[in-house]
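In what follows, residues are counted from 1 in the order of the sequence shown.
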Amino acid sequence: MNAVSQTISNIGIIPVIAFNSVDEAVPLCRALVAGGLPAAEVTFRTACAEDCIKIINQEVPDMLLGAGTVLTADQADRAMAAGAKFIVAPGYDPKVTQHVIDRGGLMMPGTATAGEMQQAMNQGCEVLKFFPAEANGGVAMLKNIGAALKSAKWMCTGGVNAKNVNDYLGYSQIVAVGGTWMCKSDMIKAGKWDEITAICKEAVRTMLGFQLGHIGVNCASEGEAEQTAKTLCALFGLEYKAGNSSIFAGKAVECMKKPGRGANGHIAIAANSVDRAVYHLGRRGVEFLEDSRVTDGKGRIKAIYLKQELSGFAIHLVQK
C-alpha cells in the first residue's frame, strides 16, 4: 500500500465528520488527535467542508485529512487543493474516479457489489469503500467476495460502531473503518471536546484489545525450565508443552530454557493487531527493538519487543 493507505490502516478508525461551521474544525480535530485518532473524512455535505480542510491543515498538521461524499470532479479538485490526501465517494463513478487518479490522488469509490469492486480495482483503486456496510451484509458479505477478490482492500462505513468495530477490523482485507460514534453531530455542536477525546481513547483501546498473553520466566538451564514447568503443571493441572527454546505451563507461563530478554524474563501483551499497536504506542513516544521484529508472510508484525523494561521484565507485543 502507498504511504497514505498504510497510515489509514495503522490508525484503523477514521472519524467521518460533517462540520456545521469552520469554528468547529480546529477544536474538534485537536480533540481527535488527543484521543489517538489523527485522521478524518470531512464530508462535502456541508458548504464549509472545503474551508474546514484548509484551516485544519494549517492549524492541526498532525491530522491526515480526506474528503468524503465527493460526487463530482470539481469537488474532488477543490478538496485536493484544500489539502485532502484521499477522496471518498458514496458510489462508484468511473469518470470521477479516473479524474482523481489522473491527478495523482488516492481515490476510494463507494462499492457494494463484486462487479463494482472489480471495475474499481482494475481502474487502479488500491482501497475501496464498502458502503453502506451493515446494510449490504457486513463482514460476512466481504468474506464471501474476498475469497474471489483476494487482493481487494476495503474501508467500511455505514453501521460500524463501538460494538462491531473489531468484527470488521478482524478481517485482514479490511484496512480501516469509518464512523461517527466518537464525534456525533450533537456533541460537536455542543463543543464537548473532552468527551470526544475520551470516546476516541476508548475506541482505540477497544480496537487494540490489549490483554495479558503470557509471562516468560528466565530459567538458568533447560533442567530448571523443565522442573519449573512440571511443578506448575502438577500443582494447577496445566498442560505441559515443550518447545525449542522454552516450555509452557498452560498458556500463561513460559519457562525459558536459557535466560532471554529482560533480567527476570518477559511479559507478553497480546493485541488484535500488532501493526496498529506499534503505530499507536509509537505516537505516545514508545520505542521498539527493531531487531526483535517478527513478521508473517505478508509483512505483518507477529511479535516485537519494546525498548523499555519494567521491574526486570522485557515487554513483548504478540499477535492474538
Side-chain angles (χ1 to χ4, degrees), residues 2-90 96 99-101 103-110 127 129 131 155 157 160 176-201 203-204 279-280 282-284:
N2 71 29
V4 173
S5 298
Q6 187 60 61
T7 300
I8 290 171
S9 178
N10 288 340
I11 295 170
I13 299 172
I14 308 301
V16 179
I17 306 166
F19 283 112
N20 304 292
S21 74
V22 175
D23 293 339
E24 299 169 342
V26 171
L28 173 59
C29 286
R30 285 177 175 160
L32 296 177
V33 171
L37 296 178
E41 176 190 324
V42 179
T43 71
F44 260 58
R45 294 199 300 267
T46 59
C48 64
E50 183 179 352
D51 290 334
C52 286
I53 293 173
K54 286 179 181 178
I55 193 169
I56 294 166
N57 271 316
Q58 293 168 2
E59 300 294 330
V60 195
D62 289 344
M63 286 291 291
L64 174 63
L65 290 177
T69 321
V70 174
L71 306 178
T72 67
D74 175 66
Q75 285 181 329
D77 286 341
R78 287 162 45 206
M80 288 187 285
K85 299 298 189 296
F86 59 98
I87 303 297
V88 185
V96 175
H99 179 80
V100 174
I101 292 172
R103 290 208 54 199
L106 177 62
M107 182 69 189
M108 297 183 188
V127 178
K129 178 178 180 176
F131 175 79
M155 181 168 77
T157 61
V160 182
V177 297
T180 60
W181 78 89
M182 73 295 296
C183 52
K184 292 181 179 179
S185 179
D186 58 340
M187 296 170 63
I188 297 173
K189 289 179 180 178
K192 296 182 178 180
W193 313 127
D194 290 344
E195 187 173 337
I196 288 170
T197 292
I199 295 173
C200 288
K201 288 181 177 179
V204 172
Y279 172 82
H280 284 277
R283 289 191 68 250
R284 302 179 206 169

**OP:** Of all the heavy-atom pairs spanning Ile13 and Ala203, show the shortest one and how long it is.
**Re:** CD1-O, 3.8 Å
**OP:** Report the distance from atom SG of Cys200 to atom CH2 of Trp181, rounding to the nearest 0.5 Å.
**Re:** 9.0 Å
Original post:
Once you round to the nearest 0.5 Å, how far does OG of Ser9 lie from CD1 of Ile14?
Top reply: 9.5 Å
**OP:** Check Lys129 against Ala89 and note the closest heavy-atom contact, atom names and distance.
**Re:** CD-O, 3.4 Å
**OP:** Heavy atoms only: give me the nearest Ile196-Ala31 pair and the separation to one decimal.
**Re:** CG2-CB, 4.2 Å
**OP:** With rounding to the nearest 0.5 Å, note down the distance linking CD1 in Ile199 to CG in Leu37.
**Re:** 11.0 Å
Original post:
Which atom pair, heavy atoms only, marks the closest approach of Cys48 to Phe19?
Top reply: SG-O, 3.4 Å
Original post:
What distance do Thr46 atom OG1 and Glu24 atom CD have between them, rounded to the nearest 0.5 Å?
Top reply: 9.0 Å
**OP:** Tell me, please, which residues at least two apart from Asp23 pass side chain to side chain donor-acceptor pair (under 3.5 Å).
**Re:** none
Subject >> Residue from Leu32, Thr7, Ile11 passing side-chain contact (heavy atoms from CB on, under 4.5 Å) with Pro38 >> reply: Ile11
Subject >> Heavy-atom closest pair, residues Ala76 and Ile87 >> reply: O-CD1, 4.2 Å
**OP:** To the nearest 0.5 angstrom, please state how far the CD1 atom of Ile17 sits from the CG atom of Leu28.
**Re:** 4.5 Å
Report, one line per pair, each donor and acceptor closer than 3.5 Å where one atom sits in a side chain of residues 55-71; sequence neighbours left out.
| residue | atom | partner | partner atom | Å |
| --- | --- | --- | --- | --- |
| Asn57 | ND2 | Ile53 | O | 3.3 |
| Asn57 | ND2 | Ala82 | O | 3.1 |
| Asn57 | ND2 | Gly83 | O | 3.3 |

Original post:
Which pairs count as side-chain hydrogen bond (donor to acceptor under 3.5 Å, both in side chains) when at least one residue sits in residues 187-201, sequence neighbours excluded?
Top reply: none
Original post:
Quick one: are Asn2 and Leu106 in side-chain contact, heavy atoms under 4.5 Å?
Top reply: yes
**OP:** Please identify each residue that fulfils side chain to side chain donor-acceptor pair (under 3.5 Å) with Gln75, with sequence neighbours left out.
**Re:** none
Subject >> Listed once per pair and sorted, the salt bridge (charged side-chain N to carboxylate O under 4.0 Å, His left out) pairs that draw on residues 66-80, sequence neighbours left out >> reply: Glu50-Arg78, Asp74-Arg78, Asp77-Arg103
Original post:
Looking only at heavy atoms, which two atoms of Ile188 and Cys183 are closest? And how far apart?
Top reply: CD1-O, 3.4 Å
Subject >> side chain to side chain donor-acceptor pair (under 3.5 Å) against Asn10, all qualifying residues, sequence neighbours excluded >> reply: Gln6
Subject >> Interatomic spacing from OG1 in Thr157 to CD in Glu41 - rounded to 0.5 Å >> reply: 6.5 Å
